[in-house]
Each structure stands twice: as C-alpha cells, then as structure tokens.
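The structure under discussion is supplied below as structure tokens; questions concerning it will follow.
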There are 2 protein chains.
Amino acid sequence: MRTLPHPAMEAVRLDTVLAALADPLRRRIVRQLSEGGEAQACGAFDLPVTKSTSTHHFRVLREAGVIAQYYRGNKILSQMRADDLEARFPGLLQAILAAEQVTVAGP
Amino acid sequence: MRTLPHPAMEAVRLDTVLAALADPLRRRIVRQLSEGGEAQACGAFDLPVTKSTSTHHFRVLREAGVIAQYYRGNKILSQMRADDLEARFPGLLQAILAAEQVTVAGP
DNA sequence: GTCGTACTACGAAGTACATCGTACAACTCT
DNA sequence: AGAGTTGTACGATGTACTTCGTAGTACGAC
C-alpha cells in the first residue's frame, strides 16, 4: 500500500500553515473538507484548474500539516487534520473559516 | 501634511491579510505593535533587514489593512488596526498571535 | 539656509510560486 | 490481459515576492 508523508504535529509551522491558507483555492478545499466532515477524494472537488495544479495544492496543504491523505483503491482520500491543528494552534482554523464566511456574505 | 493611503475596512480581504501575516518578519512587527499598545516609529523595530526592506514590509501590512500609519514630524508612527480587524475577521488576529506564542514556547 | 534624521521610490537581481502539458504509475472493471 | 479511472512526477513558463542599493523627499535642529 502506498503512503504519503505527513509532518508530525510538532513539526507543523505557523508560517507554512498561514501561507497554505492564504491561497483562495486551497481555502476552498479546506472549507469543503471541513463542511463535508468525511474524507473526500480529490475528484470530488470541482476546481477551476487542471489536475496537475490540483495535485500541487493538495500537496501544499498536506505538507503544511493542514490535511491528511491516504490511498483507498485508486483514489486518494483527504480529510482535515482538525484535531491536530486545534491542539497546536487553538482557534486558528475556525477563525479563518469564519472570517471567510463574513467575506462572502456581502450586502 | 503627508498622508498614506489605507484600505477601507470593507475593502480588506482575507487573502491579503493572511498573505501579509504569513511572513515571520511581518508577524514580528505585528506582535511588537500589539504588545506595545502605543503607536511606534519604524525605527523602534530592530529588524534584521535594510531600511528599504523594512519599508516594504510596513507597506504590505498597511495595504493589507493590518496596520495604520501616519506622519508625525519626520517619523511615521504605526499602530494596529485592531478594532477594524476584529470587526471584519473576529478572533483572527488573536488566534494568530496566540498560535505563535505556542510555537515559540518549545521545550 | 545647512545639516542630520527618518523614511520612501525606483530599479535590479535572485528566489519562490502557480499553472500547465505530457508522460507515467497504481488500481478497478470487464 | 486490456481499457478506463485517478492521481503523481517532472519540466517549462510566466508572475509575484523578497531583498538590496542608490537616490531623493520631508521634517526638525542648529
């Protein structure tokens, strides 16, 4: 079974997490994962970029420690590392997701 | 009196704020401003870069809507736009500052 | 006015990032 | 085994960012 490398919780750096979440496309992925609750395959995301680019963004999120990915058949399932993030940076993820909510809800 | 352009609170975008705060040097500035409370001149910051670079980072923070800057004599005083940020993205700034606190406090 | 201070503006150089296309690998299904 | 699906790897390209040096502007002090 193939596996993908994930940073340990202690190795997750604020720099990397913030940089990862500064991209709108990556926040879109994170949002969908957070709202879905369940692990989802990359194909479940309707992103306005090619597969290559999509792979790149998922990789950035995984290497930043924001999401976890594991093989399941010929798909890769992704899910939030919500607990790890909350333990390391309490309230951060929630604040960012909530902030975007505000941004979207314009008059 | 010279003035510097600041984005209106409604024009402040999460993308820009997160990108601005993803840089460690800029977070260092923000941290010092937040802890100091009072407005401080750029020279009050002991940053490991040249003045040009320093100017650049202050500018990024100002254009992102994170700090306010105004002339005072031949200095420029900077201060956090804490209230504006809190109104637009509740809890975000505090979560990021707290997160860094955790990072710094290693065993 | 002249000098020093504090900071900006502009251009240059190196680095990092986002995006894509093509080629490839692993898995499922028939 | 062969074909289709899902996603990766690698290289290329254009854009943006960081950093610096130099030159210049505004202000206070003398």
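Computed from a predicted model, the values in this text were never measured in an experiment.
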Separation of B:His56 atom NE2 from C:dC10 atom P, in whole Å?
->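 Atom NE2 in B:His56 sits about 15 Å away from atom P in C:dC10.
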Side-chain N or O of B:Arg72 less than 4.0 angstrom from OP1 or OP2 on D:dC27?
->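 The answer is no; no side-chain N or O of B:Arg72 sits under 4.0 Å from OP1 or OP2.
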Answer yes or no: side-chain N or O of B:Ser52 and base N or O of C:dT8 forming a donor-acceptor pair under 3.5 Å.
->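 When only heavy-atom distances are counted, B:Ser52 does not reach the base of C:dT8 through any donor-acceptor pair under 3.5 Å.
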Looking at B:Gln32, B:Lys75, B:Gln79, which one forms a side-chain contact (heavy atoms from CB on, under 4.5 Å) with B:Gln40?
->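 Output: one option passes, namely B:Gln32.
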Would you say the side chains of B:Thr53 and B:Thr50 form a donor-acceptor pair under 3.5 Å?
->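 Distance-only check passes for B:Thr53 and B:Thr50.
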Answer yes or no: is there a side-chain heavy-atom contact under 4.5 Å between B:Leu4 and B:Tyr71?
->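 Yes - at least one pair of side-chain heavy atoms lies under 4.5 Å apart.
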Do A:Leu92 and A:Leu85 touch side chain to side chain, with heavy atoms closer than 4.5 Å?
->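 No; the side chains remain at least 4.5 Å from each other.
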Please confirm whether any donor atom in the side chain of A:Asn74 sits under 3.5 Å from an acceptor in the base of C:dT28, or the reverse.
->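 In this structure, the two groups form no donor-acceptor pair.
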Rounded off to whole Å, could you give me the CG-to-P distance for the A:Asp15 and D:dC17 pair?
->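 That distance rounds to 17 Å.
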Does A:Thr55 put a side-chain nitrogen or oxygen below 4.0 Å from OP1 or OP2 of D:dT8?
->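 Checking D:dT8 against A:Thr55, a side-chain N or O does come within under 4.0 Å of OP1 or OP2.
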Go through C:dC20, D:dT18, C:dT8 for me and flag the one nearest to the B:Ile76 side chain.
->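 From the listed options, C:dT8 comes nearest.
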Indicate whether OP1 or OP2 belonging to C:dT19 is found under 4.0 Å from a side-chain N or O atom of A:Thr50.
->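 A:Thr50 to C:dT19 OP1/OP2: no side-chain N or O under 4.0 Å.
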Rounded to whole angstrom units, what separation is found between the CZ atom of B:Arg2 and the C1' atom of C:dA9?
->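 Roughly 13 Å, once rounded to whole Å.
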Want to settle it: does B:Val49 or A:Lys75 sit nearer the 5' end of DNA chain D, counting the closest nucleotide to each?
->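 Of the two residues, A:Lys75 wins.
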Distance below 4.0 Å between B:Arg59 side-chain N/O and C:dA9 OP1 or OP2 =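 Result: yes.
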CG of B:Leu77 versus C1' of C:dA6: gap in Å, rounded?
->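 Rounded to the whole Å, the gap is 11 Å.
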Quickly work out the B:Leu4 CG to C:dA6 P distance and round it to whole Å.
->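 Going from B:Leu4 (CG) to C:dA6 (P), I get 17 Å.
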Specify the separation, in whole Å, of atom CZ of A:Arg26 and atom C1' of C:dT19.
->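 Going from CZ in A:Arg26 over to C1' in C:dT19 covers 12 Å.
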Taking the side chain as every heavy atom from C-beta outward, state whether B:Gln69 and B:Leu77 have any pair of such atoms under 4.5 Å apart.
->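 No, too far: nothing below the 4.5 Å cut-off.
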For A:Asp23 and D:dC17, what is the distance between atoms CG and P respectively, to the nearest whole Å?
->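 So the two atoms are 12 Å apart, to the nearest Å.
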Gap between atoms NZ and P, on B:Lys51 and C:dG4 respectively (whole Å) =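 Between P of C:dG4 and NZ of B:Lys51: 14 Å.
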Side chain of B:His57 - closest among C:dA18, D:dT19, D:dG7 =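 The closest nucleotide is D:dT19.
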